[in-house]
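So the structure is just underneath, and the comments pick up after that.
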Amino acid sequence: MLETPPRALAPARVPRLEDVPDGYAHLRCEEREVKGTSVRLFTFPDGDTDLARTVVCLPGLGASGRSFAPMEPLAGRLRLLLWTPPLSTPATHTPLEWNLAVLNHPEARLPERFALVGSSYGSLLSIAFALAHPERVKALVLVSPVASVRRVRRVTVTLSTLVRTPRPLAYVFAPTVARVLGGARLPPEGRAEIVREARRLAPVELLRRLRDVLAADFTSRLHELRVPTLVVQGGRDLLVPPRAARDVAEHIPGARLELLRDASHLPYMSHPEAFNAAVGAFLREYVEDASGLTP
C-alpha cells in the first residue's frame, strides 16, 4: 500500500520572527554596517554575480528584501540585491533622508551604477534617489508607486500599520491587512512573510516611515527624471489606485506603464509570472544587451 506523503503545514497566521516560510527561507543573507546601522541584503544562491547587471530591490513599508523572493527566475541573468533598510533610523533624520544617505554611502558597497526596483515605500525611496543621484541609476522600476500622498488612499495606508499591532490583536488584524496588501491571489506563505517581517520593526519606526509617505509630494519633480522607467501597477490595488500610477508614468518622460489587472499592491508576490515577464524584459533591455555588456 502506497503511503500518502504528509501535507506541508500551512504557515502560522502570526508567525514567530524566526519562522521564515517556504519559498523565502533559502535566500542568503548578508549584514552590512553602513553609517553605524545594519542593512540586511538578501541574494539568491545561484544568482548572477556580474556587477554590471546589478539591480537593487527596495521593499515596501515594514517589509524586507526577502519579499522579492518570487523574482528568483530573473536571478539567472540579473544580479538581484534584495535590500532591507535599517530597522531603526536616527532621530536627526527622517527615515527617507537616512536611507538615501545609506544607499549612497561607500560602506553600502554598491556599484557606481545600478538599476532600482522600488515597491510602495521603496518606490518613494527610488524616486528620491534617482532625483538626488541620477548619474548612479541605469533604470527604474516603480511598483505601486508612491510619489505624492494626494494620489494614494490615506486611510488605507494608515490602516496598513495594523500589521504590527501587538498580540493577541495581531491574530485578528495582521493577516487581514496582509490580505488587503497582497490581494486574494497572495499565497499563505506570502501573507505570513509580510506579517512576520513587519513585526520585526519597532512601532515608532513604522510610524516614522508612514509620516514620510504622508508628507511625500514628488509629482512636481518627476519631469526631472531622465532615466528609463517602468511603472508596474495592480488593477485591484486598494492603497495606490491605478489612476495614481498612470499619473506617475505620465509625468516621467518616456516612462512605460504595465497594468496587471488582477493584481493588488504586491504584484511580485501575488502574480510573479506576469510581473517577472514585464520587469525582466524591461531590465534586460537597459541593464544587459545582447552581448552581455551594459549600455
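Computed from a predicted structure; not experimentally measured.
Distance check: Asn99 CG to Leu58 CG gives 8.5 Å after rounding to the nearest 0.5 Å. Separating the CG atom in Leu116 from the CH2 atom in Trp83 is a distance of 10.5 Å, to the nearest 0.5 Å. Going from atom CG of Leu81 over to atom CZ of Phe114 covers 9.0 Å, rounded to the nearest 0.5 Å. Distance check: Phe218 CZ to Ser126 OG gives 11.0 Å after rounding to the nearest 0.5 Å. Atom CG of Asp237 sits about 8.0 Å away from atom OG of Ser120, to the nearest 0.5 Å. Atom CZ of residue Arg191 and atom OG of residue Ser270 lie 11.0 Å apart, to the nearest 0.5 angstrom.
When the side chains of ILVMFWY residues are joined at heavy-atom separations under 4.5 Å, either directly or via intervening members, Leu100 and Leu225 end up in a single hydrophobic cluster. Under the 4.5 Å side-chain heavy-atom criterion for Ile, Leu, Val, Met, Phe, Trp and Tyr, Tyr286 and Leu230 are members of the same hydrophobic cluster. Under the 4.5 Å side-chain heavy-atom criterion for ILVMFWY residues, a single connected hydrophobic cluster contains both Leu142 and Leu131. At a threshold of 4.5 Å between side-chain heavy atoms, the hydrophobic network of Ile, Leu, Val, Met, Phe, Trp and Tyr places Leu51 and Leu78 in two separate groups.
Arg32 and Glu30 are joined by a salt bridge, as a carboxylate oxygen and a charged side-chain nitrogen come within less than 4.0 angstrom of each other. Between Glu197 and Arg40, at least one side-chain nitrogen of the basic residue sits less than 4.0 Å from a carboxylate oxygen of the acidic one, meeting the salt-bridge criterion. Between Glu250 and Arg243, no side-chain nitrogen of the basic residue sits less than 4.0 Å from a carboxylate oxygen of the acidic one, so the salt-bridge criterion is not met. Between Glu135 and Arg226 there is no salt bridge, since no side-chain N of the basic residue sits under 4.0 Å from a carboxylate O of the acidic one. Using a 4.0 Å cut-off between charged side-chain N and carboxylate O, Arg53 and Asp48 make a salt bridge.
Counting non-hydrogen atoms of neighbouring residues, nucleotides and ligands closer than 6.0 angstrom, the CD atom of Glu33 exceeds 12 such neighbours. A 6.0 Å sphere centred on CZ of Arg185 holds no more than 12 heavy atoms belonging to other residues, nucleotides or ligands.
Between the side chain of Ser119 and the backbone N or O of Gly60 there is no donor-acceptor pair closer than 3.5 Å. A donor-acceptor pair under 3.5 Å is formed between the side chain of Thr84 and the backbone N or O of Gly65. At distances below 3.5 Å, at least one donor-acceptor pair connects side-chain atoms of His223 with backbone N or O atoms of Ser220. Using modelled atom types, one side-chain atom of Asn276 and one backbone atom of Pro70 make a donor-acceptor pair closer than 3.5 Å. Panel note: side chain Arg236, backbone Ser264; no donor-acceptor pair is recorded below 3.5 Å.
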- Query: Would Val231 and Glu258 satisfy side-chain contact (heavy atoms from CB on, under 4.5 Å), going step by step from the backbone distance to the final call?
  - Reply: CA-CA 6 Å; Val231 176; Glu258 183 73 28; over 6 Å; no
- Message: Let's go through Leu82 and Leu41 carefully: what are the C-alpha distance in whole Å and the side-chain angles of both, what is the deciding distance for side-chain contact (heavy atoms from CB on, under 4.5 Å) to 0.1 Å, and is it a yes or a no?
- Response: CA-CA 6 Å; Leu82 315 183; Leu41 200 60; over 6 Å; no
- Residue pair Tyr121, Arg209: steps toward the side-chain contact (heavy atoms from CB on, under 4.5 Å) verdict: CA-CA 8 Å; Tyr121 183 81; Arg209 294 185 190 184; 4.1 Å; yes
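Between His133 and Phe129, a ring centre-to-centre spacing shorter than 6.0 Å is recorded.
If you check the side chains of Thr94 and Arg208, you find no donor sitting under 3.5 Å from an acceptor. A donor-acceptor contact under 3.5 angstrom links the side chains of Thr54 and Arg79, judged on distance only. For Thr219 and His251, the side-chain atoms include no donor-acceptor pair closer than 3.5 Å. Defined by atom type and a distance below 3.5 Å, a donor-acceptor pair is present between the side-chain atoms of Ser38 and Glu31.
Ser144 and Val240 get closest at one heavy-atom pair: O-CG2, 3.7 Å. For the residue pair Pro267 and Phe275, the shortest heavy atom distance occurs at O-CB, 3.9 Å. The heavy-atom pair separating Leu87 from Glu205 by the smallest distance is O-CG, 3.2 Å. Among all heavy-atom pairs drawn from Glu189 and Tyr24, the shortest one is O-CE1, 3.9 Å. Between Lys35 and His105, the closest heavy-atom pair is CG-CD2, 3.4 Å. Heavy atoms only, all atoms of each residue included: Ala115 and Val287 are closest at CB-CG2, 3.7 Å.
Ring planes of Trp98 and His93: perpendicular class, angle over 60° (limits at 30 and 60°).
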